[in-house]
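Here the structure is laid out as C-alpha cells; the discussion comes afterwards.
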Amino acid sequence: MNQRISETDRERIAQRDAALAARPKLELHLHLEGAAPPDFIRAQAKRKKTDLSRIFDDRGAYAYRDFTDFLRIYEAACTVLTTPQDFHDLTLAVLEQSAAQGVVYSETFLSPDFCGGGDVIAWRDYLAAIEAAATQAQRDFGITLRGCITCIRHFGPQQARQIARCAQATAGPFVTGFGIAGDEGQFHPSDFTYPFDAAREAGLGLTAHAGEWGGPDSVRAALDYLRPSRIGHGVRAIEDPRLVDKLAEAGVVLEVCPGSNIALGLYPAHSRHPIDKLRRAGVPVTVSTDDPPFFHTTMTREYIQLAQSFGWEEDIFAQIAQTALDAAFCDAQTRSDIAKKLETTP
Ligand code: ADE
Ligand code: ZN
C-alpha cells in the first residue's frame, strides 16, 4: 500500500531520529573482530597477500548463507588479523565507529583464540595493544572500552580452559568479563563449568551466548551450569513463559541484538522480534549490534527500528541505558562517570 507521509510527520520522524542518533548509548555485546569494517579486512588481506575475495559479495560486504556459514566467514576474516599492531588498529577503528553512533561505553568480546591461539604470553602482547588503542580512543573520541574475554564453544572445552587461563592472567580494571560465544549447537554448557568457575574466581563478570540458535532449554542449561548474570541474545526464552518469568524474577539481563537475529534469519523483521514482549514481561533487556558490518546495522539504526516498530519513546530508551549501566562489568568509578554522561542526554 502506498502510504503518504505528511510534511509534519516527516519532520517529526527526522527530529526523533536525530535525537536517537545523539542519545548517549551503552553497548554490552560487540565482538571486536565482528565489528571490523570490510575495508579494514580487505586492506589487511592485501598487505598480507591473502586472497579473501570469497568472503565478500560484489558490493564488498561480507557474504554468508546462514549461521554456520557466518561463523566460517567470520573466522576467515580473522586469519588476516595476525599481529598486536593489527588489533591496535582494529580497536581504534571500531571505537571511532562506535563513538560516531553515540556509544559512550562499549563492552567488547575479546578472543584470545584469534590473538595468538590462547597462549597466555602472546595474549598479554595483544591485550596491551588493544588497551593502548582504548586509551587513545577514550582521549580522542570520549568512549570507554572494557574487555570481556570470550571462549568459543565450537573450539571445545579444552581450548576454553586455555582461554580462561588468559582471562585469569589478565583480569583487572580493563578486562572485566568472561563469556562464551560460537556455535550453540556444539557441546553442552556443562562442558564449560571449569572455565566459568575459574573466571568467576578471578572476579570477572559472566555472560553466555544462549537462546539464539538454541531454544529455551539452551538458556536454562547456560543458567544452571555457568551461572552468568547476563545472557547473550537469550531471545528464544520467549518460547517458554516459565523461563521468561524466571529471567524476570532473577533479573538476568539479556544482551539483545535484534538486527543480528534478523540478518541471520531468526525473525523476519524488527516488528516481529520478541524484545518488546520480553521487556513488557519484566525481563531486563539491553540493545547491542553483535557484529555490525556483518549485519548491516549500527546502534543508531537499531534504536530507530525499535522506535518505529514498537513506538519506544525517550523513557524506554532511558530505561534500556540504565539497565545496561547497572549490568555493565565495570568498577564503581567507571559506572559513575558513565552515569554522568547519560545525564547529559539532549
Ligand atoms: N560470534 C560472533 N557473533 C556471534 C553470534 N551472533 N553468535 C554466536 N557467536 C558469535
Ligand atoms: Zn554475539
Side-chain angles (χ1 to χ4, degrees), residues 26-38 41 55 61-79 81 90 94 98 103 106-115 146-156 159-160 163 177-189 192 195 205-215 218-219 221-222 226 228 230-237 253-267 273-275 285-299 302 324 327 329:
L26 288 85
E27 179 160 38
L28 299 184
H29 190 123
L30 181 77
H31 298 261
L32 181 59
E33 309 83 18
I41 294 296
I55 75 166
Y62 293 114
Y64 52 87
R65 286 183 305 277
D66 52 26
F67 179 60
T68 313
D69 198 39
F70 155 73
L71 291 175
R72 213 172 50 80
I73 298 302
Y74 185 112
E75 284 160 27
C78 290
T79 60
L81 299 169
L90 173 63
V94 167
S98 291
V103 177
S106 176
E107 235 165 68
T108 299
F109 293 117
L110 309 177
S111 304
D113 280 301
F114 302 129
C115 298
R146 292 291 178 265
C148 184
I149 294 191
T150 187
C151 60
I152 297 177
R153 190 148 156 178
H154 54 273
F155 291 174
Q159 182 64 7
I163 302 310
F178 183 79
I180 184 165
D183 187 351
E184 206 181 330
Q186 308 281 320
F187 300 98
H188 187 268
F192 298 94
L206 302 178
T207 175
H209 281 59
E212 179 192 22
W213 291 94
S218 174
V219 178
L226 309 178
R230 302 190 334 218
I231 292 280
H233 300 284
V235 288
R236 289 195 54 202
V253 175
L254 301 189
E255 305 153 5
V256 184
C257 309
S260 159
N261 299 153
I262 292 156
L264 288 172
L266 216 52
Y267 304 103
H273 192 280
I275 186 169
V285 298
T286 60
V287 174
S288 295
T289 57
D290 210 6
D291 308 287
F294 280 87
F295 306 137
H296 304 282
T297 191
T298 63
M299 280 296 275
E302 292 298 326
F329 300 148

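Numbering of ligands and ligand atoms starts at 1, following listing order.
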Exercise: identify the closest heavy-atom pair between A63 and I73:
O-CG1, 3.4 Å
Before giving the answer on ring pair (Phe, Tyr, Trp, His ring centres under 6.0 Å), spell out for F192 and F178 the whole-Å C-alpha distance, their side-chain angles and the decisive distance to 0.1 Å.
CA-CA 12 Å; F192 298 94; F178 183 79; 9.6 Å; no
Side-chain donor-acceptor pair present, E302, T289, cut-off under 3.5 Å
no
Describe, in one word, how the ring planes of H31 and F109 are oriented to each other, choosing from parallel (under 30°), tilted (30 to 60°) and perpendicular (over 60°).
tilted
Of all the N, O or S atoms in H209, which one sits nearest to the Zn ion (ligand 2)?
NE2
W213 vs F67 aromatic rings, parallel, tilted or perpendicular, using cut-offs 30° and 60°?
parallel
Can you tell me if H31 has an N, O or S atom under 2.8 Å away from the Zn ion (ligand 2)?
yes
Atom name, H29 (N, O or S, nearest to the Zn ion (ligand 2))
NE2
Residues that F114 engages under side-chain contact (heavy atoms from CB on, under 4.5 Å), provided they are two or more places apart:
E33, Y74, E75, C78, F87, S111, I152, F155
If the threshold is 4.0 Å, N to carboxylate O, is there a salt bridge linking E107 and R230?
yes
Distance dump, ligand 1 polar atoms to protein, N/O, under 3.5 Å:
| unit_1 | atom_1 | unit_2 | atom_2 | d |
| --- | --- | --- | --- | --- |
| ligand 1 | 3 (N) | D291 | OD2 | 2.7 |
| ligand 1 | 6 (N) | E212 | OE2 | 2.8 |
| ligand 1 | 6 (N) | D290 | OD2 | 2.7 |
| ligand 1 | 7 (N) | E212 | OE1 | 2.8 |
| ligand 1 | 7 (N) | E212 | OE2 | 3.4 |
| ligand 1 | 9 (N) | G182 | N | 2.9 |

Pick from N261, V219, V256: which one makes a side chain to side chain contact (heavy atoms under 4.5 Å, CB included) with H233?
N261
Counting backbone and side-chain atoms alike, does D290 have an N/O/S atom under 2.8 Å from the Zn ion (ligand 2)?
yes
